[in-house]
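Proteins get letters first, then strands, A, B, ... in listed order; numbering begins at 1 in each. Keep in mind that what you see is a predicted model, and the values were worked out from it rather than measured. Hydrogens, waters and symmetry mates play no part in the numbers below; they use all other heavy atoms, side chains included.
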Amino acid sequence: MSDLSLWGMFLAVGIGTFVMRLSFVEIYGRWRIPTLLSRALVYVPPSVLASLVLPAVVYPHGQGAFVFDNPQIPAAIVAAWIAWKTRSTVLTLALGMAVLWGVKVIAS
Amino acid sequence: MTYRTGTEAFIQGVRTLIPLTPGVIPFGLVTGVMAIEMGMSPGMSMGMTVLFYSGSAQLVALQLLQNGAVPVAVVVTALIINLRFIMYSASLAPYLHHLPRRWTWPVSYMLSDQSYALCAVKFSSGELGRFAPHFYAGTAGAMWLTWQLSVLAGVYLGASIPQTWSLSFAVPLSFLALLVPNIRGAASLGAAVVGGLIAVFAVTLPYNLGLVTASVGGVIAGLLIESIRKKALSNASTNDVEREAQ
């Protein structure tokens, strides 16, 4: 992809995100957020994040190729448990990577 | 507490944000490293960081670019992830809208999960008094600076990290660390499980439509579970459901 189309893409996301951040601050008092929409928005982060995590863990080589000796699966399970218990980004990243490296060393 | 001057409120806002930085810096480092590993120049990586100012959207965009997704899919996915800012904007608008545009535009640009989380409750309780926007600007500005500097550190670290470290796995791990605190009950758990499973089975759909399909499916699942539980619990305690629906 050319640098120019990358910049165009970044600009599109940047402007779109800015508009969403500004939205209700700018139009305050003229339009109310519909109840169903505000209820639905609560479920956007868990849904989107899970649909990013699961395929990335299950398919280590990208597009839809399941492999059985995949060290990412135990690493992700441990990381999820750590995140649940500690709520700490640092520990989740550190121990998740440690398990990945550990399983790779044992398997090789 | 109420503040006597705007500067005092601003400084207190900065101080309130500092304890959150250990959770932010690793994301920034990972983002910077990923951008460099993808072959982007330091200038372009930082340009992207300033334009996005959204770690999750930026990491997702980087991952999609690595998978060779088309530009439209990258933009749409990043914007879907950022839809939550509409909700934050609606929640903070009553306390910020009266300011002149030379203030509302910059502080809106700097709206983040962290400063929203710090300010939403304090705003509605009214404890900040009339300098509430200054307090908010303190949290937002400190967060912005923390993020930019940690990505910059990642950008300069990036080139020195060997491929064998499999650091790209840090991206799904970061998402996992963001995901887990978002699961606050049966409905959000349902949204995550349904979204995740659809994404796994729909991964071969073209143009990265799998992710969009999965996200919409997960949101619908969350809404359905929420309304089923509301009906089932209408006679019992509904605190749990209500807390989640906020």
Side-chain angles (χ1 to χ4, degrees), chain A residues 1 3 5-14 16-18 20-29 33 36 38-59 62-64 72 75-76 79-80 83-84 87-90 92-93 96-97 100-101 104, chain B residues 22-23 26-27 47-48 51-52 54 57 60 67 71 74-75 78-87 89-90 93-94 96-97 104-105 108-109 111 166 169-170 172-183 188 191-192 195-196 198-200 203-204 211 214-215 218-219 222-223 244-245:
Chain A
M1 202 175 294
D3 277 9
S5 60
L6 280 176
W7 277 115
M9 215 170 59
F10 300 163
L11 200 64
V13 175
T17 305
F18 174 66
M20 291 193 279
R21 283 176 161 133
L22 183 68
S23 58
F24 279 90
V25 175
E26 188 72 18
I27 61 162
Y28 181 75
I33 191 162
L36 182 66
S38 67
R39 273 177 57 203
L41 286 176
V42 175
Y43 301 110
V44 172
S47 173
V48 174
L49 290 169
S51 35
L52 286 164
V53 172
L54 244 60
V57 170
V58 174
Y59 309 121
Q63 299 303 311
Q72 294 192 167
W84 182 257
R87 302 278 149 130
S88 156
T89 313
V90 182
T92 306
L93 281 168
M97 291 309 292
L100 182 78
W101 295 329
K104 277 189 172 173
Chain B
F27 284 124
M48 183 189 192
L51 283 170
F52 274 52
S54 163
V60 170
N67 296 352
V74 178
V75 173
L79 291 179
I80 288 178
I81 289 166
N82 285 345
L83 276 176
R84 67 188 188 285
F85 289 123
I86 298 179
M87 192 169 60
S89 182
L96 298 176
H97 75 100
T104 56
W105 285 39
S108 295
Y109 159 68
L111 178 57
S166 329
F169 188 59
L173 284 180
S174 316
F175 293 149
L176 204 57
L178 285 169
L179 166 66
V180 168
N182 268 298
I183 294 174
S188 46
I198 295 179
V200 166
V203 75
T204 48
L211 180 60
S215 310
V219 169
L223 285 171
E244 214 175 325

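- The closest side-chain heavy-atom distance from B:V200 to A:Y59 is below 4.5 Å.
- Of the listed residues (B:G196, B:G195, B:A199), the one with the most heavy-atom contacts under 4.5 Å to chain A is B:G196.
- A distance-only check finds a donor-acceptor pair linking the side chain of A:S51 to the backbone of A:V48 [under 3.5 Å].
- Counting heavy atoms from C-beta on, the side chains of A:T17 and B:Y109 never come closer than 4.5 Å.
- For the set B:G218, B:A191, B:P172, the entry with the most heavy-atom pairs within less than 4.5 Å of chain A is B:A191.
- Interface remark: A:L22 contributes backbone and side-chain atoms alike to the contact with chain B (heavy atom separation under 4.5 Å).
- Within the 4.5 angstrom heavy-atom criterion, atoms from both the backbone and the side chain of B:V75 approach chain A.
- Side chains of A:V13 and B:M48 form no contact here, defined as non-hydrogen atoms less than 4.5 Å apart.
- Closest approach of B:A192 and B:I183 over heavy atoms only: CB-CD1, 4.1 Å.
- Shown here for A:A80 and B:V180, the closest heavy-atom pair between the two residues is O-CG2, 4.1 Å.
- In terms of non-hydrogen atom pairs under 4.5 Å with chain A, the most contact-rich of B:L83, B:L96, B:I198, B:I80 is B:L83.
- If you tally non-hydrogen atom pairs under 4.5 Å between each of A:S88, A:A50, A:G14, A:G96 and chain B, the highest count goes to A:A50.
- Taking chain B as the reference chain and counting heavy-atom pairs below 4.5 Å, the highest number among A:A40, A:G16, A:A12, A:S5 is found for A:A40.
- Looking at A:L11, the atoms closer than 4.5 Å to chain B (heavy atoms on both sides) sit in the backbone and in the side chain alike.
- Between B:H97 and A:F24 there is no side-chain heavy-atom pair separated by less than 4.5 Å.
- Contacts between A:W84 and chain B at a heavy-atom distance below 4.5 Å involve backbone atoms as well as side-chain atoms.
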